[in-house]
Amino acid sequence: MSMTSNVGNPTPSVDGVEPQYEYHQLLRRDENYRWWRPLAFLGTASGFFVVLSVVVAIISFVMIMLSPAFWSNDTEFLDSLDTIDMADPMMFTFLMMSLIVMIPAVWFAYLLLGAKPVGLLLSVAGRIRWGWMGIAFAVSGIVYATYFALTFVLDAVGAGGGIEVPASSIPSSPLFYALLVILLTPLQCAAEELVFRGAFMQIIGSWLKHPLFAILLPVPLFTFGHVYDIYGLLDVAIFAIAASVLTWRTGGLEAAIAVHVVNNTSLFLLGAAGLVDLNATGSDLFSLMISGTMTTVLTVLLLMVAQRKNIQRTVGPAPRRRPEQHLLQPWPIAYPMPDAQQPYWNPPSTTPPAAWPPADPRGGYEAQNFTSNDQDPLSPPAGEQEPPNENRTGP
């Protein structure tokens with residue numbers, strides 16, 4: 001590295017204006033960004049996810065083997081292993097954990113190959129903005145409470161598309177199921193947001209500058225990860241677009257996580273109470289219209305609140321890293337360098353040169369105040385004559 005490198009200095013501005021990076025462009029903020037780093041990040045995260053998924057599968061297999069119902073040839077228990085029953089606490093826990101492991105997978109991959117600090121995966125502030133997340137939870141809770149209340153009223157008067165919940169879709173232990181929902185659902189929602197609104201948005205945004213690409217391209221991946229009919233998939237797609245817009249316009253995942261947690265937790269808790277079919281895969285046009293309108297209204301409200309609260313949505317360039325410190329360093333700049341060829345292992349002496357002639361121990365010749373009875377210390381002793389100086393001229 002040359003001595004004129006600007007390592008340790010901030011990125012120079014263009015026309016006096018410091019560049020600003022939106023959330024989907026944060027991978028480009030790092031000075032070590034290369035076009036291939038997002039691919040390496042995606043591959044590393046996928047590898048971590050596969051390994052952790054295998055661990056979850058092994059643990060689940062051991063739990064099944066330890067179950068007495070497995071060894072008693074209980075046909076009902078064996079048949080339940082072939083179907084996805086969201087009302088079954090064991091199946092619910094397995095599915096939630098298989099998604100939750102995406103959190104450490106994408107987090108450690110971002111730590112290795114993402115922007116610095118690793119908190120930029122969460123927001124442009126490099127951390128979770130808890131105050132803003134609390135506001136998003138409050139607004140989402142009010143809107144969803146209104147939405148579910150309106151839905152139940154319409155079902156009660158026969159104007160809604162509600163159906164009777166079968167007994168097989170009601171958990172056998174509602175309180176235990178509700179406890180699992182409260183413990184696991186927030187982590188499951190956070191995991192999906194970290195991947196689909198976090199990692200994928202930043203990967204796409206590092207290659208394509210316009211935010212529309214980062215908003216729309218991950219939507220099919222998130223949508224087709226759900227097993228619904230066409231109306232249900234369209235509802236999921238609307239939610240995915242709304243969460244992506246919130247992430248882009250607020251500069252972080254807090255609002256998207258809040259909306260996702262309130263949505264999923266409410267549905268699972270209502271399912272535990274027998275008010276919602278946990279295994280439903282179908283919907284209708286009327287339900288899609290009501291749900292889509294609610295999602296749109298909630299998104300607009302959160303964007304208005306974010307604008308009023310002046311929530312940070314961009315960040316400036318990252319400071320350049322300082323040069324590495326080596327064991328052998330030149331002497332500090334306070335010491336002058338007398339010679340450009342002076343070797344660094346032999347710095348010049350800092351002791352000032354001695355005066356000449358050397359000072360007398362008794363205070364110096366010129367400092368003495370002699371009297372007539374004093375003997376000059378530099379003159380010959382009394383009674384002796386000064387030896388003749390052959391070089392002296394004159395009398």
Side-chain angles (χ1 to χ4, degrees), residues 1-2 4-15 17-53 101-127 191-225 240-241 243-253 256 312-324:
M1 181 179 297
S2 64
T4 59
S5 173
N6 60 351
V7 172
N9 299 324
T11 302
S13 59
V14 179
D15 296 332
V17 179
E18 186 179 67
Q20 296 293 314
Y21 296 87
E22 295 180 333
Y23 178 81
H24 67 289
Q25 299 173 314
L26 289 179
L27 285 180
R28 277 194 168 273
R29 181 176 180 263
D30 195 279
E31 64 176 357
N32 290 327
Y33 172 79
R34 301 294 184 272
W35 68 268
W36 51 265
R37 289 182 71 89
L39 289 177
F41 164 53
L42 180 60
T44 304
S46 301
F48 286 155
F49 175 68
V50 170
V51 172
L52 293 175
S53 298
V101 294
M102 292 192 299
I103 295 179
V106 71
W107 186 265
F108 286 115
Y110 199 91
L111 180 64
L112 295 174
L113 296 164
K116 300 296 183 293
V118 67
L120 290 175
L121 181 62
L122 302 171
S123 73
V124 294
R127 56 181 175 81
E192 292 184 354
E193 294 305 317
L194 280 174
V195 173
F196 294 100
R197 256 67 68 182
F200 279 121
M201 281 191 70
Q202 291 195 17
I203 289 174
I204 296 172
S206 68
W207 295 324
L208 303 172
K209 183 177 181 180
H210 199 283
L212 196 61
F213 295 105
I215 291 173
L216 296 180
L217 291 182
V219 170
L221 297 175
F222 179 77
T223 300
F224 292 106
I241 294 174
S244 299
V245 171
L246 285 172
T247 301
W248 167 55
R249 293 294 299 177
T250 63
L253 299 174
Q312 178 186 357
R313 59 182 301 264
T314 61
V315 65
R320 297 292 183 88
R321 291 183 176 88
R322 298 187 177 276
E324 298 180 359

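Note that the NE2 atom of His210 and the CD1 atom of Ile215 stand 8.5 Å from one another [nearest 0.5 Å]. Taking CG of Leu216 as the reference point, atom CD1 of Ile204 lies at 9.5 Å (rounded to 0.5 Å). Atom-to-atom distance recorded for Arg28:CZ and Arg37:CZ is 13.0 Å, nearest 0.5 angstrom. To the nearest 0.5 angstrom, Gln312 atom CD is 11.0 Å from Thr250 atom OG1. To the nearest 0.5 Å, atom CG of residue Leu27 and atom CD of residue Gln25 are 10.5 Å apart.
A donor-acceptor pair is defined here as one N or O able to donate and one able to accept, closer than 3.5 Å; such a pair exists between the side chain of Arg29 and the backbone of Gly316. A side-chain donor-acceptor contact under 3.5 Å links Arg313 to the backbone of Arg249. In this structure, the side chain of Lys209 does not engage the main chain of Trp207 through any donor-acceptor pair within 3.5 Å.
Side-chain atoms of Val124 and Tyr21, non-hydrogen and from C-beta on, never get closer than 4.5 Å to each other. Taking 4.5 Å as the limit, some side-chain heavy atom of Phe48 sits within range of a side-chain heavy atom of Thr44. In this structure, the side chains of Phe200 and Leu42 come closer than 4.5 Å at one or more pairs of heavy atoms.
Heavy atoms only, all atoms of each residue included: Ser123 and Leu26 are closest at O-CD1, 4.3 Å. Heavy-atom minimum distance, Leu120 versus Ala115: CD1-CB, 3.8 Å. Of all heavy-atom pairs spanning Glu193 and Ala243, the tightest one is OE1-CB, 4.1 Å. Residues His24 and Trp248 come closest through the heavy atom pair ND1-CD1, 3.8 Å. Nearest approach of Ile241 to Val219, heavy atoms of both residues: CG1-CG2, 3.8 Å. Closest approach of Tyr110 to Phe41, counting heavy atoms only: N-CE1, 3.3 Å.
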- [ ] With side chain to side chain contact (heavy atoms under 4.5 Å, CB included) as the test, would you mind laying out the steps for Leu194 and Leu122 before giving the verdict?
- [x] CA-CA 8 Å; Leu194 280 174; Leu122 302 171; 3.8 Å; yes

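Residue Tyr33 qualifies as enclosed at atom OH: its count of foreign heavy atoms under 6.0 Å is above 12.
Under a cutoff of 6.0 Å and an axis angle of 45°, Arg197 and Tyr23 do not form a cation-pi pair.
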